[in-house]
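Structure first, then comments.
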2 protein chains.
Amino acid sequence: MLKNASGHSNPDEESALFKAMAHPVRLMILRELLKNPRCVTAIHEILDVRQPNISQHLSVLKNAGLVASGREGSYMCYYLRKPGLVKTLFEAVEAEWPEEKMENVRNRFRKALEERLEAEPIR
Amino acid sequence: MLKNASGHSNPDEESALFKAMAHPVRLMILRELLKNPRCVTAIHEILDVRQPNISQHLSVLKNAGLVASGREGSYMCYYLRKPGLVKTLFEAVEAEWPEEKMENVRNRFRKALEERLEAEPIR
DNA sequence: ATCTTGTGTTCGAATATTCCAATATTCTTA
DNA sequence: TAAGAATATTGGAATATTCGAACACAAGAT
């Protein structure tokens, strides 16, 4: 998942996922779905966003593989396909992270730079 | 951090972070910086992307608070401000996540729907 | 079959993003 | 201080995203 055939990370697929999360309304939808599966109208009323717009955002989330839906009576039930992923991403973003300082980076930078200059291929 | 004054999650700030990660080149830059702090030219050569474009993407990452930079001799040293955050996000995205099935969601949906219909305020 | 409610789609305008070419700017070194 | 290397900025074209309005479609109730 999110790796290409050769087992390496895939910037295109991954950026597609982040792009799907790159909108406040979509984040609010995902947060809501983290609590409960919801129908379009419920989301519409909870978020104070027009219904067609909610549908559009849900469509983006669905194309990104973040949500799925199934009809439930007269409602469309939207839910997270991978709640664990979404939960983890939110928690990561909410957490406090230690800040890296320039002083701590300096030596690693110089070393990496030297290595790169030695390795310098043709030029 | 990434919470507003009232301590709640902040969709606008959070989506800004995801937006910064919503581009394959920026993801590649972040992955590179996860290994080592780098100067612009090094990134430029490693990624085969034109230098002004690299600068532009770095600027986006900097505005999002994901990277910082400091001059080191004649080079600009770019590094991750919160390596832990970036690492965690990549790991989350690369991991295998259990898929939620419609059957598992159905009952929760119905219950949530009933609650919502009862709570129905004015209308 | 019609009406109502819930949902999805389409079109177009406004805005934002992305990238390149060209040009600036900033250091370092001669 | 002039040259050169490293990096940043700007302007503009191409493309993508966003959102509302209007409309289309689907299912259940009457």
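As the structure is a prediction and not an experimental result, all values here were calculated from the model. In the text below, chain A, chain B and the rest are named by the order of the sequence lines, each starting its count at 1.
- Here B:N53 contributes atom CG and B:L47 contributes atom CG; the two are 10.5 Å apart, rounded to the nearest 0.5 Å.
- B:L27 contributes atom CG, which lies 6.0 Å from atom CZ of A:F18 (distance to the nearest 0.5 angstrom).
- Here the P atom of nucleotide C:dC20 and the CZ atom of B:R50 are 5 Å apart, to the nearest Å.
- Under a hydrophobic-cluster definition in which Ile, Leu, Val, Met, Phe, Trp and Tyr are linked whenever side-chain heavy atoms come within less than 4.5 Å, directly or via other members, A:L34 and A:V60 are assigned to different clusters.
- A:E72 places its CD atom 15 Å from the C1' atom of C:dT7, with the value rounded to the nearest Å.
- Residue pairs satisfying the side-chain hydrogen bond (donor to acceptor under 3.5 Å, both in side chains) criterion with at least one member in residues 15-27 of chain A, sequence neighbours excluded, are listed as follows: A:R26-A:H57.
- Residues meeting the side-chain contact (heavy atoms from CB on, under 4.5 Å) test with A:K111, sequence neighbours left out: A:E115.
- Residue pairs meeting the salt bridge (Lys or Arg N to Asp or Glu O under 4.0 Å) criterion with at least one partner in residues 67-76 of chain B, sequence neighbours excluded, are A:R106-B:E72, A:R110-B:E72.
- Applying the salt bridge (Lys or Arg N to Asp or Glu O under 4.0 Å) test to A:E32 and every residue at least two apart in sequence or in another chain returns A:K35, A:R38.
- Residues from residues 54-68 of chain A with heavy atoms under 4.0 angstrom of DNA chain C, sorted by number: A:S55, A:Q56.
- We find that CG of B:L47 is positioned 14 Å from P of D:dT7, with the value rounded to whole Å.
- With sequence neighbours left out, A:S55 forms a side-chain contact (heavy atoms from CB on, under 4.5 Å) with A:V40, A:Q51.
- Rounding to the nearest 0.5 angstrom, the gap separating the CZ atom in A:R81 from the CG atom in A:L66 is 9.0 Å.
- With sequence neighbours left out, B:D12 forms a side-chain contact (heavy atoms from CB on, under 4.5 Å) with A:P24, B:N10.
- Cluster annotation: A:V93 and A:L85 are assigned to the same hydrophobic cluster (Ile/Leu/Val/Met/Phe/Trp/Tyr, side-chain heavy-atom contacts under 4.5 Å, transitive).
- Phosphate proximity of C:dT18 to B:N53: absent, as no side-chain N or O sits under 4.0 Å from OP1 or OP2.
- Listed by first and then second residue, the ring pair (Phe, Tyr, Trp, His ring centres under 6.0 Å) pairs involving residues 58-89 of chain A amount to none (not counting sequence neighbours).
- The pair B:K87-A:E100 does not meet the salt-bridge criterion, since no charged nitrogen lies less than 4.0 angstrom from a carboxylate oxygen.
- Taken to the nearest 0.5 Å, the CD atom of A:E14 stands 8.5 Å off from the CE atom of B:M21.
- For the pair B:K19 NZ and C:dA16 P, the computed distance is 9 Å after rounding to whole Å.
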Atom pairs, protein N/O to nucleotides 2-5 of chain D N/O, distance under 3.5 Å:
none

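- Between the axis at the start and the axis at the end of the helix from C:dA1-D:dT30 to C:dA30-D:dT1 there is an angle of 10°, using five pairs per end and rounding to 10 degrees.
- The stretch residues 20-37 of chain A touches DNA chain D through A:H23, A:R26, each having a heavy atom under 4.0 angstrom from the strand.
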Report summary line: Nucleotide by nucleotide, nucleotides 22-30 of chain D touches protein heavy atoms under 4.0 Å in the pattern (B base, S sugar-phosphate only, - none) B----S---
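- Separation of atoms CD1 (B:I43) and CG (B:D48) is listed at 14.0 Å; rounding is to 0.5 Å.
- Atom P of nucleotide C:dC19 and atom NE2 of B:H44 are separated by 15 Å, given to the nearest angstrom.
- Between B:L17 and B:L89 the shortest side-chain heavy-atom distance falls below 4.5 Å.
- The distance from atom CG of B:D12 to atom P of C:dA16 is 13 Å, rounded to the nearest whole Å.
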